Enquirer: 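Pasting in a structure now, in structure tokens, and then I'll have a few things to ask.
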Amino acid sequence: MRGNDPNRKGARMQDILPFAKLQGLGNDFILLDGLAKGIDLSPGQIAHMCDRHFGIGADGVIVVRPSPQPGCAAYMHYVNADGTPAQMCGNGVRCFAKFLVDNGYVPAANGKLVADTPAGPRPIAFEVDAAGMLTRATVDMGRPVLDPALVPVDAEPDAVALFGEPFAGALSLDSPWGPFAFACVSMGNPHAVCFLDDVDLDVFDVDTIGAFFESHPAFPEKANVEFAVVGPHGIAMRVYERGCGETLACGTGACATAVAACLTGRATRETDVLLRGGALHIRWADDGHVMMTGPAAESFRGTVSLRERNPA
Ligand SMILES: N[C@H](CCC[C@H](N)C(=O)O)C(=O)O
């Protein structure tokens, strides 16, 4: 029988990777352990894995790699569902921490670790359950970057007209649905936050309008686009992510939204961002660092074939 051919089995083993599927508020990721053996995937392989019909299905892939930085537990290599890499992923880094703790790379008793990321080191304090599995984490997401040149965004100078407050990364962009005012912030990755008034976010066409602005020329590296409505219980927000589309939650987007809301007089320095997948607690600390607290959970584990491709 063909199934007993040792040569065939050898070929199959090289093409199959174990993975873990984790999520933070429904923002879901495929995690691959690259600590012992290097894992380099093509954009096509990433896109196949993330396809919700032809692959596993996810918003992105996280490859856990050794970190050269002293004091860092490991390095988080994050890739969007379309195969494009990104500098930071807030929900992803909580799942990254969970992967390290649950698999024994970091002792649960430590209660903290430092994640190395393309945006720099990110200290994390985590909670575990009775079995020592990580359940929630608070991530020091670093300082927001407000200089338009570094977001990057081709901003306009006159923010006061848009927000009633000075804001460096402000601009108004025309669209088939009228003008939209954005407050742009980087958390290591670019975000364009639009505050909407008197809009029911549940029926707002995030897919169409978000896609229009994600690739707008005003954003040289594209942008994660957030639509936010400030309310009595926090900031409701939906997000169209760069390289992915709408996700149920976005940690860096929640941080960017909270910072923009604070700077434009719409919120205090501590608030809940209410996403479709749940709430993230954001505190913009006095030292300028943004602290993000939220859950992380494992959905399942499995093995994935690297030979498969999406049909053309
Ligand atoms: N979901 C991620 C953001 C991914 C950002 C990525 N789409 C980009 O290109 O910057 C988060 O929780 O922060």
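Counting convention: from 1, in listed order, for ligands and their atoms alike. Since this is a predicted model, take the numbers as computed values, not measurements.
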Enquirer: Please report, to 0.1 Å, the donor-acceptor pairs under 3.5 Å made by any side chain of residues 55-63, with sequence neighbours excluded.
Expert:
{"residue": "D59", "atom": "OD1", "partner": "R52", "partner atom": "NH2", "Å": "3.1"}
{"residue": "D59", "atom": "OD2", "partner": "N27", "partner atom": "ND2", "Å": "2.8"}
{"residue": "D59", "atom": "OD2", "partner": "D28", "partner atom": "N", "Å": "3.1"}

Enquirer: Test your reading of the structure: does Q87 have an N or O sitting under 3.5 Å from an N or O of ligand 1?
Expert: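 No - when backbone and side-chain N and O of Q87 are compared with those of ligand 1, no distance drops under 3.5 Å.
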Enquirer: One thing to verify: whether E298 and K98 come together as a salt bridge, which I'm taking to mean a side-chain N less than 4.0 angstrom from a carboxylate O.
Expert: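 The answer is no: the pair does not qualify as a salt bridge.
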Enquirer: If we count only N and O atoms by modelled type, under 3.5 Å, do the side chains of T257 and E226 hold a donor and an acceptor together?
Expert: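 There is no such pair (donor and acceptor under 3.5 Å, judged by atom type) between the side chains of T257 and E226.
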Enquirer: Give the atoms of ligand 1, by number and element, whose distance to some non-hydrogen atom of N80 is under 4.0 Å.
Expert: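 In order of number, 6 (C), 7 (N), 8 (C), 9 (O).
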Enquirer: May I ask you to list the residues sharing a hydrophobic cluster with L201, side-chain cutoff 4.5 Å, ordered by chain and number?
Expert: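 Members besides L201, by chain and number: V151, V153, L171, L173, W177, F180, F182, L196, V199, F204, V206, I209, F212, F213, F219, V225, F227, V229, Y240.
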Enquirer: Measure the distance from atom 12 (O) of ligand 1 to every protein heavy atom, then report the residue, atom name and distance (to 0.1 Å) of the closest one.
Expert: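 Here the closest protein heavy atom is G251 N, 2.6 Å.
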Enquirer: Write out the residue and atom name of the closest protein heavy atom to atom 5 (C) of ligand 1, then the distance separating them to 0.1 Å.
Expert: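 Minimum-distance protein heavy atom for atom 5 (C) of ligand 1 reads N189 ND2, 3.3 Å.
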Enquirer: Closer than 4.0 Å to some heavy atom of T252 - which atoms of ligand 1 meet that?
Expert: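 Those qualifying, in numeric order: 3 (C), 11 (C), 12 (O), 13 (O).
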Enquirer: What do you reckon, does C250 put a non-hydrogen atom under 4.0 Å from ligand 1?
Expert: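 Yes, C250 has a heavy atom closer than 4.0 Å to ligand 1.
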Enquirer: Would you check the N or O atoms of G90, main chain and side chain alike, for any that come under 3.5 Å of an N or O of ligand 1?
Expert: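 Yes, since at least one N or O of G90 sits under 3.5 Å from an N or O of ligand 1.
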Enquirer: Less than 3.5 Å between some nitrogen or oxygen of Y78 and one of ligand 1, yes or no?
Expert: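 Between Y78 and ligand 1, no N or O pair is found under 3.5 Å apart.
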Enquirer: At less than 4.0 angstrom from any non-hydrogen atom of N91, what atoms of ligand 1 do you find?
Expert: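 With N91 as reference, the close atoms of ligand 1 come out as 11 (C), 12 (O).
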Enquirer: Need the ligand 1 atom indices (1-based, order shown) with element for anything under 4.0 Å from a heavy-atom of A86.
Expert: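 This gives 6 (C), 8 (C), 9 (O), 10 (O) as the contact atoms.
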